[in-house]
Amino acid sequence: METNAPERILRLKAVLERTGLSRSTMYRKMDNGTFPRNVKISTRCAGWRESDVVAWLRNPMFYSAETGFHARSID
């Protein structure tokens with residue numbers, strides 16, 4: 001069953017707590033394309049789509065920010 005719930009946006013503190021990454025590591029991974037990009041919420045505020053963070057958590061080694069999915073899955 002599919003819901004039409006709006007996408008949840010996570011702030012920096014929540015993303016760091018969920019992933020266990022340091023701030024500098026997370027931003028380095030964003031620059032490398034191996035972590036989801038943040039989205040601008042307002043002039044001085046950004047967040048991450050929860051679905052993107054969850055996708056990264058499922059298999060961080062093969063995540064590609066370009067596709068938003070895993071570049072390669074492990075079965």
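Quick caveat: nothing in here was measured; it's all calculated off a predicted structure.
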Which atom names give the shortest non-hydrogen contact between [X] and [Y], and what distance separates them?
| X | Y | result |
| --- | --- | --- |
| L16 | L21 | CD2-O, 3.4 Å |
| W56 | T34 | NE1-O, 3.0 Å |
| L57 | R18 | CD2-O, 3.8 Å |
| D52 | P36 | O-CG, 3.4 Å |
| W48 | R37 | CD1-O, 3.7 Å |

Sidechain N-carboxylate O distance under 4.0 Å for E17, R11
no
Can you tell if the side chain of N59 reaches within under 4.5 Å of the side chain of M61, non-hydrogen atoms only?
yes
Could you grab the distance from atom NZ of K29 to atom OG of S22, nearest 0.5 Å is fine?
10.0 Å
Nearest-0.5 Å distance, OG of residue S64 to CG of residue N32:
11.5 Å
Okay, side chain of E50, backbone of E7: is any donor-acceptor separation there less than 3.5 Å?
no
Any link between I41 and M26 through a network of hydrophobic side chains (Ile, Leu, Val, Met, Phe, Trp, Tyr) touching at under 4.5 Å?
no
Are V39 and V54 joined in one hydrophobic group, where the rule is that I, L, V, M, F, W and Y side chains link up if heavy atoms are under 4.5 Å apart?
no
List the steps, then state whether side-chain contact (heavy atoms from CB on, under 4.5 Å) holds for T25 with F35.
CA-CA 10 Å; T25 298; F35 192 82; over 6 Å; no
